[in-house]
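In the text below, chain A, chain B and the rest are named by the order of the sequence lines, each starting its count at 1. Please read these numbers as outputs of a predicted model, since none were measured by experiment.
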Amino acid sequence: MTSDKRSFELPPDLRHATCAELRQGLLQAIEEATAQAASELEIDARRVRWIDTGGLQLLLSLRCTCQQRGIRLAWRHASDELLRACWRAGASERLGLGEQT
Amino acid sequence: MDTRALLDSFIMESLDHVDALEQALLQMRNQGDPECVHVAFRAVHSIKGSCSTFGLSHLSEFSHDVEDTLDRLRTGELCVNRDLSSALLDAVDLLRTLLSAASHGQDEAVPDCAQVLSRIAQASGQQGAASKTVQGSAPHATWRIRISPSDEALLVAEPLTVIAGLSSLGNLSSRCLGNVPPLEAFDPNRCYVHWDLTLEGGEEAEVRDWLDWLEDGGDVHLEPLGASQGTPGAQPTAPTQATPARSGKADRDLKQHQSRSIRVEVDKVDGLMNMLGELVIDQAMLKELVAGFTPAKLEALHDAIASLEEDTRALQSAVMRLRMLPASVLLQRLPRLVDDLSTTLGKEVDLVVEGERTEIDKRVLEELADPLTHMIRNALDHGLESPLERQQRGKPRRGTLRVSAFHRGGFVNVEVADDGRGLNTEEIVASACRKGLMTEDEARLVDVHELIFAAGLTTAERVTDVSGRGVGMDVVRRNIEVLGGTIGVSSEPGRGCKLTVRLPLTLAIMDGQLVRVGDETYVVPVLSIVESVRARECRVRPLPSGMSVLHFRDGDVPVIDVHKVLGVPPSDRPGRGLMVVAEADRGLLALTVDELLGQQQIVLKSLKQNYGNVPGISAATILGNGQVSMILDVHSLAQLARSPDRPTPSLRSREASVPHGLSSKLAH
């Protein structure tokens with residue numbers, strides 16, 4: 001059975017030290033979305049509390065991967081901490097965080 | 001002769017002279033030693049003397065002016081005072097900047113020269129030595145800031161924290177630029193992005209204060225956006241060009257220049273030549289033996305191979321020693337640092353430096369410089385109390401900062417200890433909770449002292465240009481871990497705090513004890529081994545926690561069951577109480593193994609690039625039979641054993657057996 005949407009929940013900590021492990025999880029989610037021919041990857045970011053430059057880059061990398069594979073990246077419940085940090089870093093638009101639901 | 005080689009030699013020698021000048025000026029200021037002025041004069045005179053040979057006219061002129069002032073001090077025409085010695089120390093910094101430029105073949109006028117010479121002139125009680133007037137720094141309403149982190153910036157700096165800080169100064173608009181690759185090619189340790197910022201508000205000094213936190217993490221440019229937008233009447237400090245936020249780039253260039261070369265004592269080179277001679281003899285002997293080989297000569301062949309092995313080992317050891325430098329190379333910078341910081345902070349500090357002759361790998365030494373600076377900044381700013389507060393607490397007015405370097409357990413240890421107020425655990429927990437790093441319930445479960453290494457945590461009541469923004473100790477830990485080391489902290493309220501850094505002796509080769517655990521072969525660093533014992537059951541005592549202790553030399557040593565900790569299936573040839581007692585950070589540990597297989601020198605291969613940090617394992621090596629073997633990290637094994645819900649490391653020796661290209665994945 002295939003689904004048109006694949007979901008992934010981000011952990012609270014999006015900092016440099018956790019990026020290597022999180023990258024693996026995101027890659028797996030992308031692979032599964034690709035295998036399921038899903039058109040959308042929904043990122044649930046309600047738990048995100050800490051983000052640094054490493055974490056920001058990882059999200060930008062995720063956005064780039066989705067664009068390359070033709071998968072829409074949709075944000076769901078982005079936390080205030082995430083929104084504030086991305087806005088301050090001037091990356092909200094690149095991440096499509098203005099379109100979050 | 002090659003002019004480039006001559007210039008390199010001049011730069012190296014001049015840097016030594018600058019170091020000597022700095023030491024002499026500090027002694028003049030702090031101890032009033034009149035002899036030091038002669039040392040300082042000779043140092044500058046030597047630099048000036050060779051400048052003209054290389055056409056470095058600006059460096060020559062600046063050295064000449066500084067030499068002039070030192071000459072007047074030497075003849076008694078001038079007296080040393082704090083302002084003058086401070087101005088001369090600024091000149092020391094500028095000489096380093098000019099030498100850095102010279103190493104790239106540049107000899108251009110630096111505006112700071114006029115400023116420094118003017119300060120020297122003012123402190124000397126005369127005007128006119130520097131005819132150019134210095135414009136004061138003026139506040140500016142709008143700033144354009146470009147932050148271009150280096151590829152490795154994330155290991156030393158955190159740009160988002162700086163951007164958050166800048167946003168507190170006024171209205172900040174940011175653009176995050178740079179191409180980030182897709183996840184498949186994404187390297188979490190590399191910085192791909194840079195920023196173009198516009199800040200409305202903030203004075204130059206405040207902006208620079210924040211940007212200084214990026215000093216080693218790349219390039220930063222700050223420029224006022226048009227004079228009309230600035231504070232009325234104020235003049236821009238950099239009218240036409242963007243100016244670097246600090247001389248950080250010059251320092252980096254200089255470090256890079258220094259790291260390309262190494263000075264070696266003649267004795268070491270002579271020793272190397274002797275050993276090479278021995279190897280040539282071994283080779284000749286073997287050639288002769290093989291040419292006319294008969295079974296009767298088997299013993300002689302064995303002897304020749306043994307001799308070759310011994311000489312190869314000696315040569316290897318000698319080559320490794322070439323990379324070892326005394327810790328004094330690093331520690332001699334500390335008096336200036338402590339002097340400057342204590343003046344800024346209004347504190348009285350006695351610096352005690354120990355272990356200057358401890359030999360440390362050149363790269364380790366270079367990489368240790370920045371973390372050590374951060375640690376000392378923190379100790380002086382947060383740890384040591386003001387003279388008045390110390391008196392009120394019944395302590396001597398002057399605090400003591402002790403920096404020691406020593407070898408222990410096959411590692412280089414560097415300790416920074418102060419006799420200040422110690423860590424305020426209540427305030428640390430409160431700060432961590434306030435900043436949302438954890439809840440109070442979570443705080444009860446963690447080692448509170450360890451929280452000082454959390455990103456963003458500070459207990460400072462105010463932010464200074466020395467520390468207090470919570471950026472620093474997390475970066476320190478990250479840098480130390482990149483080198484394969486660890487950092488720990490111990491503190492006693494009211495009595496002080498001690499940070500201990502433990503780093504590998506060398507990053508290339510070590511002596512290893514091969515041990516069998518189950519069907520796996522692991523390596524234990526020989527230098528960390530105290531003794532190998534076969535313990536009778538009566539000497540091993542189980543504890544209620546599930547752990548056991550070994551009674552060893554009148555004490556109890558925790559037993560680490562390597563099978564369990566690393567998830568290795570039990571052996572059908574068990575070790576029957578065989579244990580390797582090894583030294584870890586917090587004392588001895590007994591590692592249960594099934595067999596001791598022998599010792600050999602091993603070449604360390606890093607796992608980090610391909611496997612990240614593997615708990616319990618410090619690196620890998622390739623054994624003589626081609627098998628890949630993991631090197632146990634005794635300290636990390638102990639932590640792993642203490643963790644009740646420990647993850648089982650996924651990397652085992654056998655899983656990573658060569659060939660088929662795996663050895664190429666194990667980086668040097």
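The greatest number of non-hydrogen atom pairs below 4.5 Å with chain B, out of Ile51(A), Thr65(A), Thr53(A), is found for Thr53(A). Each of Asn189(B), Ile163(B), Leu172(B) has some count of heavy-atom pairs under 4.5 Å with chain A, and the biggest count is that of Asn189(B). By number of non-hydrogen pairs under 4.5 angstrom with chain B, the leading residue of Gly90(A), Gly55(A), Ala85(A) is Gly90(A).
Residue contact with chain B, scored on non-hydrogen atoms closer than 4.5 Å, involves the backbone and the side chain of Gln57(A) alike. The contact between Arg88(A) and chain B is made by backbone and side chain atoms together, counting heavy-atom distances below 4.5 Å. Using a 4.5 Å cut-off between heavy atoms, Leu197(B) makes no contact with chain A at all. Heavy atoms closer than 4.5 Å to chain B are found in the side chain of Arg69(A), but not in its backbone. Using a 4.5 Å cut-off between heavy atoms, Pro181(B) contacts chain A through its backbone alone, with no side-chain atom that close. Proximity to chain B is limited to the side chain of Ile30(A), based on heavy atoms less than 4.5 angstrom apart.
A salt bridge links Glu223(B) with Arg146(B): the closest approach of a Lys/Arg side-chain nitrogen to an acidic carboxylate oxygen falls below 4.0 angstrom. Note on Arg76(A) versus Asp44(A): no salt bridge recorded, every NZ/NE/NH1/NH2 to OD/OE distance being 4.0 Å or above.
Side chain of Trp143(B) to backbone of Val207(B): no donor-acceptor contact under 3.5 angstrom is found. Trp87(A) places no side-chain N or O within donor-acceptor distance of the main-chain N or O of Leu97(A), the cut-off being under 3.5 Å.
The salt bridge (charged side-chain N to carboxylate O under 4.0 Å, His left out) test applied to Asp196(B) returns Arg144(B), Arg175(B), not counting sequence neighbours.
The cationic atom of Arg23(A) (NZ for Lys, CZ for Arg) does not lie both less than 6.0 Å from the six-membered ring centre of Phe186(B) and within 45° of the ring axis.
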